[in-house]
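Structure, as structure tokens:
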Amino acid sequence: MTIEEMEKKRQDRGYTYRQISDGSGVALGTVQKIFGGSTSSPRYDTVQKLERFFVSEPSRYGTGRADAPSPVYAKYARKDIPNQGSYTVDDYISWPEDERIELIDGVIYDMAAPRNTHQVVTLEIAVQIRTQIRNKNGECLPMISPVDVQLDKDNRTMVQPDFLIVCDKSKVSSDKRVYGAPDFIVEILSPSTKMKDVFIKQNKYMNSGVREYWTVDINERVVTVYQFSEGRVVQHNMDGVVPIGIYDGGIVVDFGDIISYVSSFFGDNLLIDG
């Protein structure tokens, strides 16, 4: 695969340089130079790493296929259980309650217990959005984890986004489950789940019909907005306001305010390390 072919895939998939670096193991600066055009003859072993990333990209996973995870993502699935790819919602429901998991296309993934900073940031995002929806007499329902989301309404996937908005009331039951794709999802990234969120779940959300997906990286102070319905990917620094696309910017999240508020409790070191 040529660099030009990889660049086309990068643009088609909306990958950031950081995502490519994390997924391939190639240094971020090197990735930026190669795809930015300042390095015309990268090392052969570097090209091989990049090629392995693009060949085994997550479109192999998270699209309903039951084959085993690609080499890039295999380490994020549970290794201590057999027959990955064959698990169902019934297995998910009967799983030991002291083990937090998600089920994606028949594969079991661990969910790390969230740290305090993760929970506070999630709550602040939820409060801002809920307040604006209520003030506008909006009909969409904001929800915060834990809530089970049966994305494809099949028996092979059940995820727990950190925050979501559902506008179709028929998708929300009186129990703790949402049947079908939410309109809007936010995931707060942490090192232990970052690759699952920015690759596997991003791909799954896109293919299931989610209209807009945000990943919030407190460590990097970056919000990445995937507007699937518009085919756009935009990154924002966490020092100001980020508009929600499905509301045409009529509802926003003030991340500058959130960072200031959370820092008043935890100081400037807000690293989410769990």
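None of the values given here were measured: they were computed from a predicted structure. Residue numbers run from 1 in the order of the sequence given.
The CD1 atom of Ile218 lies 6.0 Å from the CD1 atom of Ile188; values are rounded to the nearest 0.5 Å. To the nearest 0.5 angstrom, Ile101 atom CD1 is 5.0 Å from Trp95 atom CH2. Expressed to the nearest 0.5 Å, how far OG of Ser86 lies from CD1 of Ile81 amounts to 8.5 Å. Expressed to the nearest 0.5 Å, how far CG of Asp162 lies from CD1 of Ile144 amounts to 8.0 Å. Interatomic distance, OG of Ser145 versus CZ of Arg100, reported as 6.0 Å (0.5 Å rounding). Here the straight-line distance linking atom OG1 of Thr215 with atom NZ of Lys194 works out to 8.5 Å at 0.5 Å rounding.
With hydrogens and angles disregarded, a donor-acceptor distance shorter than 3.5 Å links the side chain of Asp91 to the backbone of Thr88. Not one N or O on the side chain of Lys196 forms a donor-acceptor pair closer than 3.5 Å with the backbone of Lys201. Checked by atom type and distance alone, the side chain of Glu212 pairs as donor or acceptor with a backbone atom of Gly245 at under 3.5 Å. Side chain of Thr46 to backbone of Pro42: no donor-acceptor contact under 3.5 angstrom is found. A distance-only check finds a donor-acceptor pair linking the side chain of Ser24 to the backbone of Ile20 [under 3.5 Å].
Note on Tyr17: it clusters hydrophobically with Ile3, by side-chain heavy-atom contacts below 4.5 Å among ILVMFWY residues. Placement of Val252 and Val262 in two distinct hydrophobic clusters is found when ILVMFWY residues are connected by side-chain heavy-atom separations under 4.5 Å, directly or transitively. Note on Met143: it clusters hydrophobically with Leu151, by side-chain heavy-atom contacts below 4.5 Å among ILVMFWY residues. Val241 and Val234 fall into different hydrophobic clusters, where Ile, Leu, Val, Met, Phe, Trp and Tyr side chains are chained together by heavy-atom contacts under 4.5 Å. When the side chains of ILVMFWY residues are joined at heavy-atom separations under 4.5 Å, either directly or via intervening members, Ile185 and Val159 end up in a single hydrophobic cluster.
Counting heavy atoms from C-beta on, the side chains of Met238 and Val216 come closer than 4.5 Å.
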For this session: Given side-chain hydrogen bond (donor to acceptor under 3.5 Å, both in side chains), test Tyr205 with Glu187 step by step and report yes or no.
Result: CA-CA 11 Å; Tyr205 290 155; Glu187 297 280 13; 2.8 Å; yes

For this session: Output, in order, the C-alpha distance, side-chain angles, deciding distance and verdict of side-chain contact (heavy atoms from CB on, under 4.5 Å) for Ile244 and Val225.
Result: CA-CA 9 Å; Ile244 298 180; Val225 175; over 6 Å; no

For this session: Could you walk me through whether Phe163 and Trp214 pass ring pair (Phe, Tyr, Trp, His ring centres under 6.0 Å), step by step?
Result: CA-CA 10 Å; Phe163 175 79; Trp214 289 13; 9.1 Å; no

Problem set entry | Full working for salt bridge (charged side-chain N to carboxylate O under 4.0 Å, His left out) between Arg177 and Asp148 | CA-CA 5 Å; Arg177 189 175 301 181; Asp148 289 336; 5.1 Å; no

Problem set entry | Evaluation steps, side-chain contact (heavy atoms from CB on, under 4.5 Å), between Ile165 and Leu141 | CA-CA 5 Å; Ile165 297 174; Leu141 178 66; over 6 Å; no

For this session: Evaluate the criterion side-chain contact (heavy atoms from CB on, under 4.5 Å) for residue pair Thr157 and Lys204; output intermediate values, then yes/no.
Result: CA-CA 10 Å; Thr157 296; Lys204 187 65 180 175; 3.6 Å; yes

For this session: I would like to know whether Phe53 and Phe199 meet ring pair (Phe, Tyr, Trp, His ring centres under 6.0 Å); could you show each step before the answer?
Result: CA-CA 11 Å; Phe53 167 79; Phe199 290 116; 5.6 Å; yes

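Summarising the geometry of Gln132 relative to Gly250, their closest heavy-atom pair is OE1-O, 4.3 Å, with the distance given to 0.1 Å. Gln128 and Asp257 get closest at one heavy-atom pair: NE2-OD2, 3.7 Å.
Remark: Glu139 CD is loosely packed, at most 12 non-hydrogen atoms of other residues, nucleotides or ligands lying under 6.0 Å away.
A salt bridge between Asp110 and Arg78 is present, with a side-chain N of the basic residue lying under 4.0 Å from a carboxylate O of the acidic one. In summary, Arg211 and Glu230 do not engage in a salt bridge, as defined by a charged side-chain N under 4.0 Å from a carboxylate O. Salt-bridge annotation for Glu5 and Lys8: absent, with no side-chain N of the basic residue lying under 4.0 Å from a carboxylate O of the acidic one.
Scored by the side chain to side chain contact (heavy atoms under 4.5 Å, CB included) test, Val233 finds Thr224, Tyr226 as partners (sequence neighbours excluded).
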